[in-house]
Amino acid sequence: MKQSRSLGFTLIELMVVVIIVAIFAAIAIPNYQSFVRRSTAAQAQQEIQRIATLLERNKSRNFNYLGFSLTPNPFVIPAGATEDSVKYTITVMDGTDSSKVLTDPAAAGQDYIIKALSKDDKNFSYVLSSTGLRCKKLGITMDYSCEGAEAW
């Protein structure tokens, strides 16, 4: 009597394949998320430096930073993002009194301070000032004094 053999995969073979795919996913997904975070942080740093260049250009024409306005204010990364898709919020304030924007008539306008605040608690927030202050801190909170932050 001839025995018939079915062609296909056994349950064990399928389970081994599923386990291998799960292991690859467990390694790849966190690495990808880390790459995306680093990329977004680099974009925030680049925007901060671009804004600082614009501020210095404004000062060379007007002898102070007064009247500089960031458009849109606050500036967000990615550009044009809204609500949950915003990764960073960048603001420019008077360096002497960080509660005032540079368009405020009461602002001194001799210094500036730029803050890029991350919306992801696993990414860095940044501060850059005209007085040489450059710091970063992991998380979604950051003050202008850079307390508890490290240099970048």
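Residue numbers start at 1 and run along the sequence shown.
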Using side-chain contact (heavy atoms from CB on, under 4.5 Å), reason through V92 and L55 one step at a time and then give a plain yes or no. CA-CA 10 Å; V92 178; L55 280 155; 3.9 Å; yes
Which distance, rounded to the nearest 0.5 Å, do you find between the CD1 of I51 and the CD of Q46? 11.0 Å
Could you give the side-chain donor-acceptor pairs of residues 74-82 under 3.5 Å, partners two or more places apart or in another chain?
none

Minimum heavy-atom separation for Q45 and Y126, please, with both atom names. NE2-CE2, 3.3 Å
Residue from I19, V21, I20 passing side-chain contact (heavy atoms from CB on, under 4.5 Å) with I23: I19
Gap separating the CE atom of M93 from the CG atom of L102, nearest 0.5 angstrom: 8.5 Å
Pair L117, I140 - check side-chain contact (heavy atoms from CB on, under 4.5 Å), show working. CA-CA 6 Å; L117 196 58; I140 58 174; 5.6 Å; no
side-chain contact (heavy atoms from CB on, under 4.5 Å) evaluation trace for R38 with F124: CA-CA 9 Å; R38 284 192 317 264; F124 286 100; over 6 Å; no
So OG of S125 and CG of L138: to nearest 0.5 Å the spacing works out to 8.5 Å
Quick one: does any side-chain atom of N123 pair with a main-chain N or O of K119 as donor and acceptor, under 3.5 Å? no
Test item: I90 and I114 side chains (from C-beta on) under 4.5 Å apart, heavy atoms: yes
Do the non-hydrogen side-chain atoms of T91 and I113 ever get within less than 4.5 Å of each other? no
Look up atom CG in L70 and atom CD in E47, then write down how far apart they are to the nearest 0.5 Å. 9.0 Å
Answer yes or no: does atom CD of E83 have more than 12 heavy-atom neighbours from other residues, nucleotides or ligands under 6.0 Å? no
Treating D94 as the side-chain partner and A107 as the backbone partner, does any N or O pair qualify as donor plus acceptor under 3.5 Å? no
Which residues pass the ring-ring contact (aromatic ring centres under 6.0 Å, His included) test with Y112, not counting sequence neighbours? Y65
Taking only residues two or more places apart in sequence, or in another chain, which ones meet Y88 in a ring-ring contact (aromatic ring centres under 6.0 Å, His included)? none
Value for CG (N73) from OG1 (T103), rounded to nearest 0.5 Å, stands at 7.5 Å
Is there a path from F68 to L133 through hydrophobic residues (I, L, V, M, F, W, Y) whose side chains come within less than 4.5 Å of each other? no
Return the set of residues passing side-chain contact (heavy atoms from CB on, under 4.5 Å) with Y32 (not counting sequence neighbours), or none when no residue passes. V36
Under the disulfide (SG to SG under 2.5 Å) definition, can you give me all pairs with a residue in residues 72-152, not counting sequence neighbours? C135-C146
Is the backbone N or O of S99 less than 3.5 Å from a side-chain atom of D97, with the two atoms forming a donor-acceptor pair by type? yes
Testing the basics here: between L128 and A52, what is the closest heavy-atom pair and its distance to 0.1 Å? CD2-CB, 3.8 Å
Looking only at heavy atoms, which two atoms of A44 and A116 are closest? And how far apart? CB-CB, 4.5 Å
Side chain E56, main chain T53, donor-acceptor under 3.5 Å: no
Sequence neighbours left out, what pairs pass salt bridge (charged side-chain N to carboxylate O under 4.0 Å, His left out) with at least one residue falling in residues 120-148? R37-D120
Rounded to the nearest 0.5 Å, how far apart are OG of S129 and OH of Y144? 11.5 Å
Minimum heavy-atom separation for G8 and E13, please, with both atom names. O-OE1, 4.3 Å
